[in-house]
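All remarks here apply to the structure that follows.
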Amino acid sequence: MTLFTPTRPRVHRPHSPPKEPRLPRLPAGVDVSASAAVFLIALPLSLGIALATGAPLQAGLVAAAVGGLVAGRLGGSPLQVSGPAAGLTVVTAELIQRYGWRTTCAITVLAGLAQLALAALRVARSALAVSPAIVHGMLAGIGVTIALAQLHIVLGGTPRISAVDNALGLPSELLHARPASLAISALTIGILLAWPRLPGRVGGFARKAPAALVAVAGATLLAVATGLTVPRVDLPSWSSHALPGLPDGPVLGIAAGVLTITLVTSVQSLLSAVAVDKLVAARPDRGRGVPRSNLDRELAGQGAANVVSGALGGLPVAGVAVRSVANVSAGAVSRASTMLHGLWIVLAALLLVPVLDLIPLAALAALVMVVGVQMVSITHIRTVTRHREVVVYAVTLAGVVLIGLLEGVALGIAVAVAVALHRLARTRITREERDGLHLLRVRGQLTFLAVPRLSRALHQIPAGSAVTVELDGSFMDHAAYEALSDWTAGHLAHGGSVETTGPSDGPAAPARIPSAADSPHPCCRPWTPWRNHRCGERPPAAPAPSAGSPTAHQLAHGIGTFQRNTAPLVRDELARLAREGQRPSQLFLTCADSRLVTSMITASGPGDLFTVRNVGNLVPLPGEESGDDSVAAAIEYAVEVLRVESITVCGHSGCGAMQALLSAGPAEPATPLRRWLRHGLPSLERMASRRHAWARISGRLPADEIEQLCLTNVVQQLEHLRAYESVARRLADGSLTLHGMYFHVGEAQAYLLSDADEVRGYDDVFHGVPPSVAVARAS
């Protein structure tokens, strides 16, 4: 923890010499190597996707080059790689079959213009509102469709028009499989699956080459060496390359094609950009120097790329996950890697045509088929199952395969809306009687849809009786409120009593939910959830915890209060942290004492502090953990992986661990607590040593021996931290600082150790932090 210090305003001198013009920066070495890795993956994939769509093979190379150069330069996600995407295969193939290649290019141009218009309206984040179950179902359906079509080419045949026809035609294709094509495909698939799993040091070195490139190259060498007669890539002359023409077809059909490509490319690119941000944040360097994605700019970049790609006779362009992952994993730090990969594609398309013409079509089909199968992700299925959205996923997948992409997505959206409405309308109302007290429980959201059942249950309660209405939901609409209020007024008029509560702390003592008209609780706020609205009143003693004990009910009540009051306020911030991962700047190591609320005394929130708590805020010296490496592991993770910028050791007054150290006798049994507290013995020795003066608190001596040991222990644990190799290394290069802190519980006063970097000095002084001094919040 550090203090904010005032900074001097920058003075601009009118007579300072003019700055020299900056020379253009050359790409970093990691960007060049990353671009080569991405190029080696993109080249065979681009040809394979073009083959799967039925477009000219050169169209895949055009889209890859434009995606790298145009989207890479203009897009808002620096490390995302764009190009022809497998997710667009079904859409593009259908458009080519229906309207021809030249009209499909024109549709791509129009879709790009539509993306530019959407980017100008700044609606990029709206695309992320689509349920992930729909997106994953759409991609899985596309993957199934691709795999079924390419399987025909793998067997040496020709794919049919629809996925259903391809599935029905497989038995006949299997009976007439061509051995040459099957051998080429089997070798390609075998290399694709085995290459990432090569063992040993040699395997680790070999895995640096992309599996896709090795598989296609191996299949090509086999075909050339054995002289197999199989269909091969046939890149026509660039002079005969087909360019777009005026749209020729029904207006509604063309508009539907434009809408489909716009939606699919936009959603896929934006979701991929968000995923790239997560990957960058998870790198060892935490993505330092790499800005987060600007989604509106990314949408504009994708639109410009589609305009250029369509105008040059290329496939539709979108951000793609496989190449983006390769780019991030290779250590790219700027958009130069994406652009260079586009440049390498251009050079290959101009100079390597004779080599590309040797590639068997069966190898490309096998490559794309494997990609299609991998689009049906088991991880995604587990995720949607865990969130109870498997029905949405399954309907979307089936709709895309059986009917079509746009129709399948529309079905998925309809089912997702129906599921949401079902959850909103699902309300359980139960009624029971206990010793003359009628208890009406309402579980779920209370909307107008539940009013008939609520009214029926309320009117079954005898007039003049005592009633408790327990509401366990976060929402009540106006109709339900009116129904409950009218019944309450009538019941009270007939001599009854009504109490409205949340989840009860126990049958005998329900906790009343205050309405908007109730008076506030100034004595409790802003710690209302923590204080349970008791306003300084100590809760009654509870028996030992059990499933139905008051303690368990109190915990459940606290969780419910969080869900109702606090969760809506922090949901957006927690959603951002879930997407981007944690990036704390401090490791905060403190005691497990229940009176120490770290978020309260540091004014920190979610994602600010990486907190480690143990009895006595102890840091075992390296090698003395005796089987418990938890503290050492946390230090290593915070310093090496999270790359925190500071470590704070925080002690506190009245520490029970320090009291136990002072009162321990030599003959006491070696319990787990005693074995752990031995890591505090150096603090006892330091306090007894004549070489170290006693610590002071803002000029005064400690109140007693316990407080002195609490202060000395903070200083000693900071010295233990220096013994860790990772900490010492970061301290040496100036990228890490150490801080000591002491919190006086009774005074609610925090003290900071001055000069924590000189903990070996004789004067260890803790200075109080006055309210007028702003304490830096971890970010």
Side-chain angles (χ1 to χ4, degrees), residues 27 30-50 52 59-89 139 142-143 146 192 195-196 207-216 264-265 268-280 283 290 293 298 301-302 305-306 309 314-349 364 367-368 370-372 374-375 377:
V30 289
D31 283 331
V32 176
S33 60
S35 69
V38 177
F39 159 73
L40 295 176
I41 296 173
L43 184 64
L45 276 177
S46 301
L47 292 172
I49 291 171
L61 299 177
V62 171
V66 171
L69 294 171
V70 178
R73 179 64 186 89
L74 302 178
S77 182
L79 302 189
Q80 173 160 261
V81 180
S82 301
L88 295 167
T89 302
L139 293 177
I142 292 172
I146 291 172
L192 279 172
W195 195 257
R207 287 197 302 269
K208 294 182 179 180
L213 179 70
V214 176
V216 174
V264 175
T265 55
Q268 180 172 337
S269 300
L270 295 176
L271 291 175
S272 178
V274 172
V276 167
D277 283 346
K278 293 181 182 179
L279 293 173
V280 172
R283 289 197 316 195
V290 181
S293 298
E298 179 63 22
Q302 297 295 333
N306 275 311
S309 180
L315 291 170
V317 170
V320 283
V322 176
R323 279 156 271 183
S324 299
V325 170
N327 194 33
V328 174
S329 302
V333 295
S334 73
R335 60 180 73 246
S337 63
T338 303
M339 297 177 65
L340 283 174
H341 122 271
L343 178 62
W344 307 146
I345 293 286
V346 172
L347 295 177
L364 296 179
L367 171 64
V368 178
V370 171
V371 172
Q374 291 173 343
M375 290 172 72
S377 171

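Keep in mind that what you see is a predicted model, and the values were worked out from it rather than measured.
- Partners of Thr265 by side-chain hydrogen bond (donor to acceptor under 3.5 Å, both in side chains), not counting sequence neighbours, listed by chain and number: Gln115.
- Val368 approaches Ala52 most closely through the heavy-atom pair CG1-CB, 4.2 Å.
- With hydrogens and angles disregarded, a donor-acceptor distance shorter than 3.5 Å links the side chain of Arg335 to the backbone of Gly72.
- Contact record, Ile345 with Ala64: CG2-CB, 4.1 Å, taken as the closest heavy-atom pair.
- Rounding to the nearest 0.5 Å places CG of Leu61 at 4.5 Å from CG of Leu47.
- Annotation for Ala65 and Val346: closest pair CB-CG2, 3.6 Å, computed over non-hydrogen atoms.
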Side-chain atoms of residues 74-86: list all donor-acceptor pairs with protein atoms under 3.5 Å, sequence neighbours left out, distances to 0.1 Å.
{"residue": "Ser77", "atom": "OG", "partner": "Ser293", "partner atom": "OG", "Å": "3.0"}
{"residue": "Gln80", "atom": "OE1", "partner": "Ser272", "partner atom": "OG", "Å": "2.7"}
{"residue": "Gln80", "atom": "OE1", "partner": "Ala273", "partner atom": "N", "Å": "3.0"}
{"residue": "Gln80", "atom": "NE2", "partner": "Ser269", "partner atom": "O", "Å": "3.4"}
{"residue": "Gln80", "atom": "NE2", "partner": "Glu298", "partner atom": "OE2", "Å": "2.7"}
{"residue": "Ser82", "atom": "OG", "partner": "Gln302", "partner atom": "NE2", "Å": "2.7"}

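- Asp31 contributes a side-chain N or O that, together with a main-chain N or O of Val333, makes up a donor-acceptor pair within less than 3.5 Å.
- Residue pairs meeting the side-chain hydrogen bond (donor to acceptor under 3.5 Å, both in side chains) criterion with at least one member in residues 39-50: none, sequence neighbours excluded.
- A 4.5 Å side-chain heavy-atom check between Leu315 and Val62 finds every atom pair outside the cut-off.
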Run the numbers on His341 and Asn327 for side chain to side chain contact (heavy atoms under 4.5 Å, CB included), then give the verdict. CA-CA 10 Å; His341 122 271; Asn327 194 33; over 6 Å; no
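- Residues Ala305 and Val66 share a closest heavy-atom pair of O-CG1, 3.3 Å.
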Decide yes or no on side chain to side chain contact (heavy atoms under 4.5 Å, CB included) for Thr338 and Val38, but give the supporting numbers first. CA-CA 8 Å; Thr338 303; Val38 177; over 6 Å; no
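- The nearest pair of heavy atoms linking Trp344 to Ser35 is NE1-OG, 3.0 Å.
- Atom CG in Leu45 sits 5.0 Å away from atom CG in Leu367 (nearest 0.5 Å).
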Could you please spell out the steps behind the side chain to side chain contact (heavy atoms under 4.5 Å, CB included) verdict for Val216 and Leu43? CA-CA 10 Å; Val216 174; Leu43 184 64; over 6 Å; no
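- Residues Leu69 and Met339 share a closest heavy-atom pair of CD2-O, 3.3 Å.
- Rounding to the nearest 0.5 angstrom, the gap separating the CG atom in Leu340 from the CZ atom in Phe39 is 12.0 Å.
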